[in-house]
Q: 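Got a structure for you, written out below as structure tokens; questions coming shortly.
Reminder, nothing fancy here: chain letters follow the sequence lines and each chain counts from 1. All values below were derived from every heavy atom in this structure, side-chain atoms included, with hydrogens, water molecules and symmetry-related copies excluded.
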Number of protein chains: 2
Amino acid sequence: MWYYVDPHSGIPIYVQLKEQIKKAVATGLLAEGQQMPSVRELALQLTINPNTVAKVYQELEREGVLQTARGLGSFVAKRRKDFGPQQESSLDNALEKLMVEAYQLSVDADTLYARFTEKLAAWKDRLKKGAEGQ
Amino acid sequence: MWYYVDPHSGIPIYVQLKEQIKKAVATGLLAEGQQMPSVRELALQLTINPNTVAKVYQELEREGVLQTARGLGSFVAKRRKDFGPQQESSLDNALEKLMVEAYQLSVDADTLYARFTEKLAAWKDRLKKGAEGQ
DNA sequence: AAACGTGTATTAGTTATATAGTACAATATG
DNA sequence: CATATTGTACTATATAACTAATACACGTTT
């Protein structure tokens, strides 16, 4: 499990770390209930400030990705199961964004469809393996 | 054609405007060769600073979305046609990002597929109409 | 040449980001 | 109860990002 951040990338450190953790959770690399390294430990590993890690954990808790408690630690939360209008709308935006980006990359609709289905298949595999691991 | 920015949204104004313009170009709402409003004019309309608009135009030029010249103005560039390893990699990242987001939204693979194909169909329609318009 | 409309550069002020250091609060363990 | 470990809160400081105001440079048109 190794996170990597680059202070000179232009992207805020806390954003980089946050996205990596979200990705690790989404791919099953981090299982539900699994304990995260402590704020101080992770800060030491990445040579960044504990406050920065704390900020990441706090935001991830607000987003429902982690569950955290003083004296105990931070843990990967159980995946939310509700899919309502809020989620529907967010998904719509994400898809719209993808199409815009594909256009700029001069990807035609057929190629986009092909790459998407490939990626989706790989994704399902990874999720399946993650679920079996538990 | 009307852009809208919210200075209090937490998202930088120039990012908001940039994304809206990219989206307008990608949907054919802004046609190739079409002249953009001047830096000052757009700044006036949005009640923001001309420099902010200028920054957007500059970045969009670097990305190949606009073409700009002093004394003349800014214009929608012709769409890039090359799809190389660079673009392939960017597309891969974009798809990965979509999957991660879908996971957090508790969207299952089937629903994601369904919404994607719907959106792609709508997209093709818009592109077709945009091309006919020229 | 003059005037006008374009994008651009310079400077300044405000806000966000990151770090550091210290202290505090809650839980587990001896 | 004492101690260690966890996350949290607070203050202070430095740097970078963002926006704004003003002046400048390029090109067109009269």
Q: If I take atom CD in residue B:E59 and atom P in nucleotide C:dT8, what distance separates them, rounded to the nearest angstrom?
A: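 Taking CD of B:E59 and P of C:dT8, I get 12 Å after rounding.
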Q: Using a distance-only test with no angle check, is there a side-chain donor-acceptor pair under 3.5 angstrom linking B:D108 and B:T111?
A: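 Checked: B:D108/B:T111 side chains pair up, N/O donor to acceptor below 3.5 Å.
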Q: Near DNA chain D, under 4.0 Å by heavy atom, which residues of residues 70-77 of chain B?
A: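 Under 4.0 Å from DNA chain D: B:R70, B:G71.
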Q: Side-chain N or O of A:Q58 versus OP1/OP2 of D:dG7: is the shortest distance under 4.0 Å?
A: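 Checking A:Q58 against D:dG7: no side-chain N or O falls below 4.0 Å of OP1 or OP2.
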Q: Closest to the B:T52 side chain: C:dA20, D:dT19, C:dT6?
A: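 It is D:dT19.
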Q: Has the side chain of B:R40 got a donor or acceptor that lies under 3.5 Å from a partner of the other kind on the base of C:dG5?
A: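 Counting by modelled atom types and ignoring angles, no donor-acceptor contact under 3.5 Å is found here.
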Q: Side chain of B:I48, heavy atoms from C-beta onward: which of D:dT8, D:dA20, C:dT17 has the nearest atom to it?
A: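 Closest nucleotide among those given: D:dA20.
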Q: Check the distance between D:dA16's P and A:H8's NE2 and give it to me in whole angstrom.
A: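 A:H8 atom NE2 is separated from D:dA16 atom P by 10 Å.
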Q: Please report, rounded to the nearest Å, how far the C1' atom of C:dT19 is from the CG atom of A:L44.
A: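 After rounding, the reported distance stands at 15 Å.
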Q: Is there a path of hydrophobic side-chain contacts, each under 4.5 Å between heavy atoms, that joins B:L44 and B:Y14?
A: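 Cluster IDs for B:L44 and B:Y14 differ.
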Q: Report the distance from atom CG of B:N49 to atom P of C:dA9, rounded to the nearest whole Å.
A: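 Atom CG in B:N49 sits about 15 Å away from atom P in C:dA9.
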Q: Does B:K119 pair with A:E96 as a salt bridge, N-O distance under 4.0 Å?
A: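 Judged by the 4.0 Å cut-off on N to carboxylate O distance, B:K119 and A:E96 do form a salt bridge.
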Q: Using the rule side chain to side chain contact (heavy atoms under 4.5 Å, CB included), only one of B:V76, B:L60, B:V56 pairs with B:M36; which is it?
A: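 Looking at B:V76, B:L60, B:V56, the match for B:M36 under the side chain to side chain contact (heavy atoms under 4.5 Å, CB included) is B:V76.
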Q: Check if the side chain of A:N51 and the base of C:dA18 share a donor-acceptor pair of N or O atoms closer than 3.5 Å.
A: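 No pair found.
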Q: Whole angstrom is fine here: how far is it from CD1 in A:I13 over to P in C:dA16?
A: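 For the pair A:I13 CD1 and C:dA16 P, the rounded distance is 18 Å.
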Q: What is the distance from CD1 of B:I11 to C1' of D:dT19, rounded to the nearest Å?
A: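 Rounding to the nearest Å, CD1 of B:I11 and C1' of D:dT19 are 16 Å apart.
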Q: Between A:K55 and B:T68, which residue's closest nucleotide on DNA chain C lies nearer the 5′ terminus?
A: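 This one resolves to B:T68.
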Q: With a 6.0 Å cut-off (strictly less than), is the heavy-atom count around CD of A:Q67, excluding the residue itself, greater than 12?
A: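 Open: at most 12 neighbouring heavy atoms sit under 6.0 Å from CD of A:Q67.
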Q: Walk me through it: do A:Y3 and A:Q45 pass the test side chain to side chain contact (heavy atoms under 4.5 Å, CB included)?
A: CA-CA 9 Å; A:Y3 308 111; A:Q45 280 183 12; 5.7 Å; no
Q: How many Å lie between CG on B:L42 and P on C:dG5, as a whole number?
A: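 In whole Å, C:dG5 P and B:L42 CG are 17 Å from each other.
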Q: For B:Q16 and B:I11, indicate whether the former's side chain and the latter's backbone hold a donor-acceptor pair under 3.5 Å.
A: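 Such a contact is found between B:Q16 side chain and B:I11 backbone.
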Q: Round to a whole Å and report the spacing from OH of B:Y14 to P of C:dT14.
A: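 Between P of C:dT14 and OH of B:Y14: 21 Å.
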